[in-house]
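Okay, structure first, notes after.
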Amino acid sequence: MTLADKLAEERRARLAAERLLELKQTELRAANEKLSKHALNLSRRIDETRAEVAHVRDENLKFRTDLDVANEKVELAERRLWHSIQTIRDGFAFFNSDGLLIGANAAYLAAFEGIEEVKPGISYGRIAEILIDEGIVNPDPMTAVEWLGMMLARRHDPKPPPLVLRLWDDTYFRVLEQPGYDGDRVVTSLNITDTVRYEEELKAARYRAEAANRAKSAFLANMSHEIRTPMNGVVGMAELLAETTLTEDQRLYAETIRNSGEALLVIINDVLDYSKIEADKLQLHPEPFDLERSIHDVAMLLQPSVRDKDIRLLVDYDIFLPTRLVGDPGRIRQILTNLAGNAVKFTEKGHVVIRVTGRNDNRTCTIHIAVEDTGIGIPADQIEHIFGEFNQVESEMNRQFEGTGLGLAITHRLIDMMGGTPWVESTEGQGSCFGFHVTLPVASAVEADPASLPQRLKHAMIVDDMPVNRQILERRLAQLGVRVTSCASGHEALAQMDESVDIVLSDHHMPGMDGVVLAETMRAEGWDNTPFVMMSSNPHFDKDQPGRNCVQAVLQKPVSRRDLLQVLSIEAAQEVNAPCADCPAALLRPGGTPCIQMRRQACATNGPPIFGDGCDSPSRPAPVPPLARRMRVLAAEDNRTNQLLFEKMVKDLDIELTFAGNGAEAVEKFASFAPDIVFMDISMPGMDGKEATCRIRALEAQAGTGAHVPIVAVTAHAMEGDARSILDAGLDEYLTKPLRKAQILDRIAGSCPADARAPIAAFEPRTPKARAAL
Ligand code: ADP
């Protein structure tokens with residue numbers, strides 16, 4: 001091998017080595033680059049991981065901090081809550097569902113100071129035992145055992161009622177127990193000592209006020225006694241004076257004295273009643289009574305005032321409503337007298353209707369009584385206050401009428417006491433309607449059966465110029481199944497009369513043709529067989545009025561349901577002009593007592609029979625044998641003026657009168673004089689009226705004949721309780737001074753025995769208020 005070959009070989013080798021080197025270097029560079037990229041990646045990843053780790057660490061740290069904060073907060077809230085519970089003045093404790101104390105505040109635990117046992121874990125029942133055993137609680141009025149029993153019962157009661165605890169130191173707590181979470185029980189005890197003390201003070205103040213009220217009532221009772229005694233003289237003597245021969249002027253003076261005296265008595269009675277109600281002294285005395293009768297009594301006593309005016313007073317008593325009820329008749333009459341009296345007082349023209357409707361469920365009856373009038377009415381803005389004390393309508397018109405302004409207030413209170421509700425509707429200038437409803441038990445007496453009308457009665461004719469009167473009768477008759485022809489005048493009646501009419505019911509005073517002339521004309525026109533019944537507010541016929549014999553019966557207005565039924569039953573059942581064989585035979589009233597003389601043909605001397613005109617009235621005494629003895633009347637009265645007054649009041653009576661000056665004398669005279677009636681003054685020196693009556697009743701019992709002489713108490717006392725004690729002493733009845741002649745006459749006439757002759761000539765008490773007292 002040549003050198004050149006060698007050199008060339010060497011150069012090739014060197015070139016190859018250089019190329020390899022270069023290649024290796026390139027590879028190395030590439031590897032380096034890759035390595036450094038990788039390293040870069042790695043370090044980036046490391047950074048990222050580091051950042052993630054740092055983040056997670058941060059998060060973790062934060063979470064831990066939040067938890068700590070939350071825990072702290074819970075602890076703080078608990079501390080605050082507990083602190084608050086500790087600071088409240090009232091006791092607070094809660095028990096778990098097993099009745100073990102979970103916690104209680106200081107106020108609750110204060111009651112158990114020094115008793116270490118009372119702490120969380122103690123039972124409800126043990127706490128109750130500690131309260132009693134340690135004398136912490138005063139169980140009065142219960143015994144300790146009863147009290148513990150009561151507490152144990154509370155423990156098992158899911159919602160026990162509030163309980164008042166009185167502690168040994170006279171502090172009071174109201175304990176309230178409520179169900180808590182998951183069967184827990186939360187107990188709070190509120191210190192109510194101040195409230196209890198305040199209530200006690202109030203009670204004491206009320207007691208003092210009541211005592212003052214009682215003193216006021218007693219003062220009023222005494223005052224009324226003091227006023228009534230001299231008023232007895234004033235009113236009574238004025239009454240007697242007015243009956244003597246007087247000049248016009250003198251009569252006016254005497255009447256004025258009597259009327260003013262009576263007005264004063266009405267005021268005294270109002271004030272007394274009101275004060276009695278105020279002092280809760282007024283009591284109701286329920287008894288069976290006839291409501292319809294009471295309403296008619298009220299209507300009757302208002303008749304004199306009605307007659308003086310251009311008005312009519314009507315009663316519309318629902319025919320299917322019972323009339324026998326149980327209530328306080330005196331107080332019901334007082335309510336009705338107030339309402340109807342006002343209606344008459346404030347009405348100058350038109351009518352006043354007392355309307356009675358209601359609902360009857362056999363045992364009780366809810367009665368609605370409304371008194372409607374066509375009077376001056378009440379302005380809308382004053383209606384609301386009208387039932388208040390001393391409230392009267394402020395108007396020129398109203399000022400013309402007298403009054404105390406207490407009537408409606410008393411009425412309201414009486415209705416309240418009966419559990420009823422009053423109401424009023426009124427339009428000024430048009431009229432008012434005052435009413436009330438009240439539920440009363442139905443009395444057991446059998447009601448007259450309205451269905452027992454004679455078959456024959458099918459068609460009735462009503463003749464009355466007043467539409468409201470016709471309406472009432474139409475409704476009543478329609479309810480009885482009777483067809484009605486209504487006529488507004490006598491002429492209309494004559495025009496409408498036909499064979500089918502079974503009975504004619506006609507008003508008395510009508511414009512144009514009055515009832516009597518109508519009766520006469522009907523007879524003259526040949527309607528002989530149709531009974532003609534007259535309705536009149538003044539049922540006593542003028543003796544000389546020729547047509548009176550054409551009238552078969554007279555109904556006193558306002559017509560009561562009972563009288564209407566009675567007259568319909570009798571008149572329609574019988575033939576007119578049947579022989580007058582039984583004249584003057586007595587017609588029996590439902591009670592069985594002889595009432596009126598009934599003739600089919602009007603009697604020539606007495607006129608037609610009258611229904612509803614106070615059948616017990618002494619003005620029409622029953623016939624008695626002419627040789628009957630005189631009635632004997634004993635009056636026990638210590639006061640000379642009152643003796644004189646009594647003597648004068650009965651001077652026209654056909655009686656034997658004797659006086660006793662005190663109780664002992666009254667007993668003596670009772671034995672020797674054998675009176676038919678005794679008027680007994682209650683306050684007399686020595687033996688009083690009550691004692692004397694007890695002795696008289698003992699004498700009667702000893703005699704064993706069963707005789708019972710009526711003894712009427714006469715007293716100026718007017719307070720509740722007096723009446724009861726008087727009646728308990730054996731007296732039959734109670735009259736308050738001043739006595740009115742009408743009252744005395746009424747009682748004497750009512751006691752006339754069968755073997756004595758009738759003592760009285762006709763009389764009529766004058767004013768409604770005076771009659772109300774009868
Ligand atoms: P008195 O009638 O004694 O004034 P009341 O208490 O009975 O007292 O009546 C109070 C007032 O109510 C009457 O003064 C009158 O203004 C009014 N009043 C009562 N009833 C009626 C009535 N029927 N019509 C108009 N006003 C009446």
Side-chain angles (χ1 to χ4, degrees), residues 259-278 282 295 298-299 301-306 308-316 331-356 368-417 420-436 468 558 767-770 772-773:
N259 291 343
S260 309
E262 275 172 0
L264 182 57
L265 280 167
V266 170
I267 296 172
I268 293 172
N269 283 344
D270 273 1
V271 171
L272 256 175
D273 268 351
Y274 192 75
S275 74
K276 276 193 243 173
I277 293 173
E278 275 288 272
L282 196 133
I295 292 175
V298 171
L301 75 90
L302 291 171
Q303 278 303 327
S305 320
V306 170
D308 291 346
K309 295 182 158 193
D310 185 16
I311 57 172
R312 309 254 184 126
L313 174 61
L314 310 165
V315 176
D316 181 9
R331 294 300 172 188
I332 286 179
R333 228 177 275 141
Q334 186 177 1
I335 293 171
L336 289 165
T337 311
N338 271 338
L339 297 183
N342 275 348
V344 170
K345 178 163 80 171
F346 294 107
T347 304
E348 290 302 320
K349 245 188 173 124
H351 63 255
V352 170
V353 186
I354 307 176
R355 231 181 263 286
V356 187
H368 297 251
I369 301 184
V371 181
E372 301 166 16
D373 67 56
T374 51
I376 60 173
I378 301 167
D381 60 333
Q382 299 193 30
I383 283 194
E384 221 178 290
H385 314 289
I386 214 68
F387 279 105
E389 298 82 22
F390 304 107
N391 284 349
Q392 295 176 304
V393 170
E394 282 298 323
S395 76
E396 193 62 25
M397 192 71 146
N398 198 71
R399 243 166 267 139
Q400 298 166 11
F401 303 99
E402 287 174 353
T404 56
L406 275 178
L408 286 181
I410 294 170
T411 299
H412 191 298
R413 303 287 283 263
L414 289 176
I415 294 170
D416 277 353
M417 285 178 76
T421 323
W423 46 264
V424 55
E425 285 163 10
S426 186
T427 310
E428 196 176 6
Q430 290 185 19
S432 313
C433 182
F434 280 82
F436 64 99
V468 59
T767 67
K769 298 271 184 182

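All ligand and atom numbering here is 1-based and tracks the order in the structure. Sequential numbering from 1 along the given sequence is applied to the chain's residues. All of these numbers come straight from a predicted model, not from anything done at the bench. Reckoned from all heavy atoms, side chains included, excluding hydrogens, waters and symmetry mates.
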Worksheet item: Where do Leu313 and Gln303 land on the side chain to side chain contact (heavy atoms under 4.5 Å, CB included) test, with the steps shown first?
Response: CA-CA 8 Å; Leu313 174 61; Gln303 278 303 327; 4.3 Å; yes
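- Taking only non-hydrogen atoms, the option from Thr411, Ile386, Asn342 nearest to atom 7 (O) of ligand 1 is Asn342.
- Contact between Asn338 and ligand 1 is absent, with no heavy atom of the residue lying under 4.0 Å from the ligand.
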Worksheet item: Does the pair Ile335 and Phe434 meet the rule for a side chain to side chain contact (heavy atoms under 4.5 Å, CB included), with working shown?
Response: CA-CA 11 Å; Ile335 293 171; Phe434 280 82; over 6 Å; no
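- Between the side chain of Asp373 and the backbone N or O of Val352 there is no donor-acceptor pair closer than 3.5 Å.
- Checked against a 3.5 angstrom limit, the closest N/O atoms of Phe346 and ligand 1 fall outside it.
- When Gly431, Ser432, Cys433 are ranked by how near their heavy atoms come to atom 24 (N) of ligand 1, first place goes to Ser432.
- Residue contacts with ligand 1 for Leu406 involve N, CA, C or O but no side-chain atom from C-beta outward (heavy atoms, distance under 4.0 Å).
- For the pair Lys345 and ligand 1, a heavy-atom separation below 4.0 Å is found.
- Shown here are the side chain to side chain donor-acceptor pair (under 3.5 Å) partners of Thr411, two or more places apart in sequence or in another chain: Asn338.
- The shortest side-chain heavy-atom distance between Ile332 and Leu414 does not fall under the 4.5 Å cut-off.
- Here Asp316 pairs with Arg355, Arg475 under the salt bridge (charged side-chain N to carboxylate O under 4.0 Å, His left out) rule; sequence neighbours left out.
- The shell of residues lying under 4.0 angstrom from ligand 1, judged by heavy atoms, excludes Phe387.
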